[in-house]
Amino acid sequence: VAKRQGRPLGTYSASMREEVSQRHQMQQDLAEAIKLAQLTMAYQPIWDNRSGRVAKLEALVRWYHPHWGQVSPADFIPLAEEAGLIQGLGALVLWQSCRDLARLQQSGFPDLQMSINRSTLEFQTIDPEANEWLRVIRHFGLDPADIIIEITESLLMESSDQHRVRIDALREAGCKLAIDDFGTGYSALNYLRTFPVDLVKIDRSFVRHIPFNEQDRLLLDGIINIVHNLGMQVVIEGVETREQLNFLCQKGCAFTQGYLLSRPLPYDDLVEYLTLNRQG
Ligand code: C2E
Ligand code: CA
Ligand code: CA
Ligand code: CA
């Protein structure tokens with residue numbers, strides 16, 4: 001801080017201006033990429049440990065920028081939210097994910113489900129009944145029950161009537177609801193009591209030190225039990241080691257996802273992965 005104070009003010013405003021204009025440029029590029037449908041999808045397998053098969057896929061959006069290369073969604077999703085581009089981005093993601101799930105179901109993987117991330121902002125629209133989302137799902141001949149909508153705790157926190165109407169409409173149509181990054185927000189347990197979700201995705205920070213840290217082991221074990229007792233499915237994210245997987249299987253955790261099992265894959269690689277693992 002002391003060093004910073006020593007610098008002439010002009011440097012600051014210049015570099016700040018540069019940053020702002022860079023942000024602005026990125027937003028314009030992103031708007032263009034969305035308009036031209038240049039964003040693509042990667043799909044990460046979610047394994048069912050009981051049946052020993054891939055049961056679900058998480059759809060993760062990808063953006064290859066001609067100058068910057070692969071940009072992380074952790075960076076461009078907030079940008080899209082800020083620039084009012086998230087609805088268009090979300091529509092593109094939904095379209096591609098549904099198209100690809102339909103292709104997969106028709107080519108020998110009829111039981112797969114698709115889990116799709118939704119920004120909280122996407123719940124504030126002029127389409128409270130989610131008719132547009134449901135139209136896309138049905139357009140591809142999909143059963144809404146095979147679509148999982150991933151929301152974060154921030155949605156539950158802000159939960160207004162408008163959010164609630166949309167969520168109820170989706171669930172009435174048969175869609176499943178998941179809480180993402182569970183345990184990273186506030187008073188998470190309270191939401192489980194008041195909010196009807198089907199699936200809870202436990203944030204990967206809870207598995208990081210498993211099985212070596214006893215405190216973390218007990219905590220994770222407790223969370224898994226609570227969620228199961230509430231009749232919800234548990235997905236553990238960020239499984240990177242064999243030891244973690246063994247621990248989770250012992251605890252009866254049915255669904256796991258992480259680099260140990262597979263990275264997010266483009267469609268063709270995914271088909272290869274699924275074909276290879278079907279025989280196992
Ligand atoms: P998320 O929903 O929590 O997604 C999981 C992230 O963890 C993904 O990063 C995935 O590649 C990564 N991951 C999976 N397994 C492992 C592992 O074993 N270890 C580690 N260290 N990481 C793992 P990704 O694809 O970069 O996405 C980052 C975030 O961007 C997502 O976090 C999600 O919040 C957001 N996002 C991605 N796609 C979409 C989308 O289509 N719509 C919206 N609204 N948000 C999206
Ligand atoms: Ca089905
Ligand atoms: Ca997610
Ligand atoms: Ca997550």
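In listed order, ligands and their atoms are each counted from 1. Keep in mind that this is a model prediction, so the values were computed, not measured. These numbers come from the heavy atoms of this one structure, side chains and all, not from hydrogens, waters or symmetry mates. Residues: numbered from 1 along the sequence shown.
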request  = Restricting to N/O/S, name the atom of Asp181 that gets closest to the Ca ion (ligand 4).
outcome  =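 Of the nitrogen, oxygen and sulfur atoms in Asp181, the Ca ion (ligand 4) lies nearest to OD1.
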Which heavy atom of [X] sits nearest a heavy atom of [Y], and at what distance?
X: Arg50; Y: Gly252; result: NH2-O, 2.9 Å
X: Gly52; Y: Trp47; result: O-CZ3, 3.2 Å
X: Gln70; Y: Trp63; result: NE2-O, 3.4 Å
X: Glu153; Y: Ile179; result: CG-CG2, 4.0 Å

Among protein heavy atoms, which lies nearest [atom], and at what distance?
atom: atom 10 (C) of ligand 1; answer: Leu60 CD1, 3.9 Å
atom: atom 38 (N) of ligand 1; answer: Val61 N, 3.2 Å
atom: atom 16 (C) of ligand 1; answer: Tyr259 CE2, 3.3 Å
atom: atom 44 (N) of ligand 1; answer: Ser119 N, 3.6 Å
atom: atom 11 (O) of ligand 1; answer: Pro264 CG, 3.4 Å
atom: atom 42 (N) of ligand 1; answer: Asn117 O, 3.5 Å
atom: atom 1 (P) of ligand 1; answer: Asp180 OD2, 3.9 Å

With a heavy-atom distance limit of 4.0 Å, tell me whether [X] approaches ligand 1 through its side chain, its backbone, both, or neither.
X: Gln44; value: side chain
X: Ile77; value: side chain
X: Glu58; value: side chain
X: Thr152; value: neither
X: Arg62; value: side chain
X: Val93; value: side chain
X: Leu260; value: neither
X: Arg204; value: side chain

Basic-acidic side-chain contact under 4.0 Å: [X], [Y]:
X: Arg217; Y: Asp221; value: no
X: Lys201; Y: Glu237; value: yes
X: Asp48; Y: Lys56; value: no
X: Glu82; Y: Arg23; value: yes
X: Arg103; Y: Asp100; value: yes

request  = Please step through side-chain contact (heavy atoms from CB on, under 4.5 Å) for the pair Ile210 and Leu248, ending with a clear verdict.
outcome  = CA-CA 9 Å; Ile210 298 287; Leu248 294 167; 5.7 Å; no
message = Taking atom CD as the centre, does Glu272 end up with more than 12 heavy-atom neighbours from other residues, nucleotides or ligands that are less than 6.0 angstrom away?
response = no
Numbered atoms and elements of ligand 1 in range of [X], under 4.0 angstrom, heavy atoms:
X: Glu240; value: 17 (C), 18 (O), 19 (N), 20 (C), 21 (N)
X: Val239; value: 18 (O)
X: Asp181; value: 3 (O)

So is [X] actually on top of [Y]'s ring, under 6.0 Å and inside 45° of the axis?
X: Arg118; Y: Phe123; result: no
X: Arg138; Y: Trp133; result: no
X: Arg164; Y: Phe195; result: yes

key: Selection from Ala59, Gly90, Pro73 by shortest heavy-atom distance to atom 28 (C) of ligand 1   =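 Nearest heavy atom to atom 28 (C) of ligand 1 lies in Pro73.
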Heavy-atom distance from [atom] to the protein below 4.0 Å?
atom: atom 34 (O) of ligand 1; value: no
atom: atom 24 (P) of ligand 1; value: yes
atom: atom 4 (O) of ligand 1; value: yes

Closest approach to the Ca ion (ligand 3) by [X], given as the N, O or S atom name:
X: Glu150; answer: OE1
X: Asp180; answer: OD2
X: Glu58; answer: OE2

ask   = What class does the angle between the rings of His65 and His67 fall in, given that below 30° is parallel, 30 to 60° is tilted and above 60° is perpendicular?
value = perpendicular
key: Test item: side-chain donor near acceptor, Gln257 and Glu58, under 3.5 Å   = yes
inquiry  = Pairing donors with acceptors under 3.5 angstrom, does anything connect the side chains of Gln105 and Asp146?
reply    = yes
query = Got an N, O or S from Asp203 under 3.0 Å of the Ca ion (ligand 4)?
reply =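 Of the N, O and S atoms in Asp203, none lies under 3.0 Å from the Ca ion (ligand 4), which means no.
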N/O/S from Ser115 sitting under 3.0 Å away from the Ca ion (ligand 3) =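 Ser115 does not place any N, O or S atom closer than 3.0 Å to the Ca ion (ligand 3).
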key: Any N/O pair Glu122/ligand 1 closer than 3.5 Å   = no
